Chemist: 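Got a structure here, written out as structure tokens. Questions coming.
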Amino acid sequence: MRGLGAALILLGSGMAWVLHRREATLALRLGEVLTGDLAVLRYHVCTCRDPLPEILRLHLAEGPGAECFWGPLLDKLGAERPLEACWAEAAGALPPPLDRVLTPIGPLLAAGGGLTGRAIEEAREELAGFTRAEHIRQVQSGRLSAALCVSGACLLILVLI
């Protein structure tokens, strides 16, 4: 019976660690996805001169970026609101460093052309730097949180036995 209790405590600790890691790496995963999505956006806005709703429906409709940013942006655009307001609201719902990086692009999208292309490329570079730094931080943080979860579970097992 004690062995089963210890196993359940360790299993619960492992699940807590997995949930913590999933939440902690959300910004990193979204940053990686949005970096690629911004390249698609830049191509279709600056080179093809496609309208934004069409780009969102045809080229950015799948994946984590679509769930967290592009899909909500398309929904907001469907309500006949100004592009800048829709972009700012959708970007504001992203995790903290990503919202700050993406918000300045919104007012420039309507103009298109070189200024928009430079702004999107700067945002891509900033997101790439963020993902590199965040990846290093997450590796260090993951080891620490795993150690804390296992040691906490072991302490609880010792106290209960």
Side-chain angles (χ1 to χ4, degrees), residues 1-44 52-79 81 83 85-106 109 119-161:
M1 210 53 170
R2 289 182 185 174
L4 178 62
L8 288 174
I9 291 172
L10 285 173
L11 180 65
S13 172
M15 291 304 297
W17 179 77
V18 167
L19 291 175
H20 171 72
R21 294 297 298 157
R22 184 175 295 154
E23 183 179 318
T25 60
L26 176 65
L28 173 63
R29 289 180 284 130
L30 275 177
E32 290 171 345
V33 168
L34 290 175
T35 301
D37 288 351
L38 285 177
V40 172
L41 179 69
R42 181 176 186 262
Y43 172 75
H44 286 282
L52 186 60
E54 181 180 313
I55 297 168
L56 297 176
R57 269 194 304 276
L58 298 177
H59 306 288
L60 298 172
E62 296 178 3
E67 292 174 17
C68 295
F69 184 64
W70 305 117
L73 176 61
L74 183 60
D75 294 342
K76 289 172 185 15
L77 287 173
R81 296 176 44 211
L83 172 62
C86 294
W87 185 277
E89 190 175 325
L94 292 172
L98 303 179
D99 62 349
R100 180 186 51 79
V101 172
L102 292 178
T103 299
I105 298 172
L109 277 175
I120 293 173
E121 195 57 37
E122 286 176 11
R124 285 190 71 230
E125 290 172 9
E126 196 168 340
L127 281 176
F130 163 74
T131 57
R132 281 190 299 273
E134 185 68 9
H135 182 69
I136 292 168
R137 192 186 74 75
Q138 287 295 331
V139 168
Q140 295 168 346
S141 172
R143 291 179 185 148
L144 180 62
S145 64
L148 286 173
C149 286
V150 170
S151 63
C154 290
L155 179 65
L156 183 59
I157 291 170
L158 287 174
V159 167
L160 293 177
I161 290 181

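We're numbering straight along the sequence, starting at 1. Since we're looking at a predicted model, the values are computed, not measured.
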Chemist: Hey, what do you get for CG (Leu8) to OG (Ser13), rounding to the nearest 0.5 Å?
Modeler: 12.5 Å
Chemist: At their closest point, which heavy atom of Leu102 faces which heavy atom of Ala91, and how far apart are they?
Modeler: CB-CB, 4.3 Å
Chemist: According to salt bridge (charged side-chain N to carboxylate O under 4.0 Å, His left out), who are the partners of Glu121, at least two apart in sequence or on a separate chain?
Modeler: Arg42, Arg124
Chemist: Residues in side-chain hydrogen bond (donor to acceptor under 3.5 Å, both in side chains) with Ser145, at least two apart?
Modeler: Trp17
Chemist: Please give me the minimum heavy-atom distance between Ala123 and Ile105, naming the atom from each residue.
Modeler: CB-CD1, 3.5 Å
Chemist: Looking at every non-hydrogen atom in both residues, tell me the closest pair between Leu38 and Ile120 and how far apart they are.
Modeler: O-CG2, 3.4 Å
Chemist: Partners of Arg29 by side-chain hydrogen bond (donor to acceptor under 3.5 Å, both in side chains), sequence neighbours excluded?
Modeler: Thr25
Chemist: Output all residues satisfying side-chain hydrogen bond (donor to acceptor under 3.5 Å, both in side chains) with Arg57, sequence neighbours left out; order by chain, then residue number.
Modeler: none
Chemist: Which heavy atom in Ala128 sits nearest to a heavy atom in Thr35, and how many Å separate them?
Modeler: N-OG1, 4.1 Å
Chemist: Can you name the closest pair of heavy atoms from Ala27 and Leu98 and give their distance?
Modeler: O-CD1, 3.7 Å
Chemist: Out of curiosity, Leu58 CG to His44 NE2, how far, rounded to the nearest 0.5 Å?
Modeler: 8.5 Å
Chemist: Distance from Glu134 atom CD to Arg132 atom CZ, nearest 0.5 Å?
Modeler: 13.0 Å
Chemist: Check whether any side-chain N or O of Thr131 sits under 3.5 Å from a backbone N or O of Leu127 as a donor-acceptor pair, and report yes or no.
Modeler: yes
Chemist: Atom CG of Leu34 and atom CZ of Phe130: how far apart are they, to the nearest 0.5 Å?
Modeler: 10.5 Å
Chemist: List the atom pairs, with distances to 0.1 Å, where a side-chain N or O of residues 61-79 and a protein N or O form a donor-acceptor pair under 3.5 Å, not counting sequence neighbours.
Modeler:
unit_1: Trp70; atom_1: NE1; unit_2: Asp37; atom_2: OD2; d: 2.8

Chemist: Please list, chain by chain and in numerical order, all residues satisfying side-chain hydrogen bond (donor to acceptor under 3.5 Å, both in side chains) with Glu122, sequence neighbours excluded.
Modeler: none
Chemist: Drop me the distance from Ile157's CD1 to Arg2's CZ, to the nearest 0.5 angstrom.
Modeler: 12.5 Å
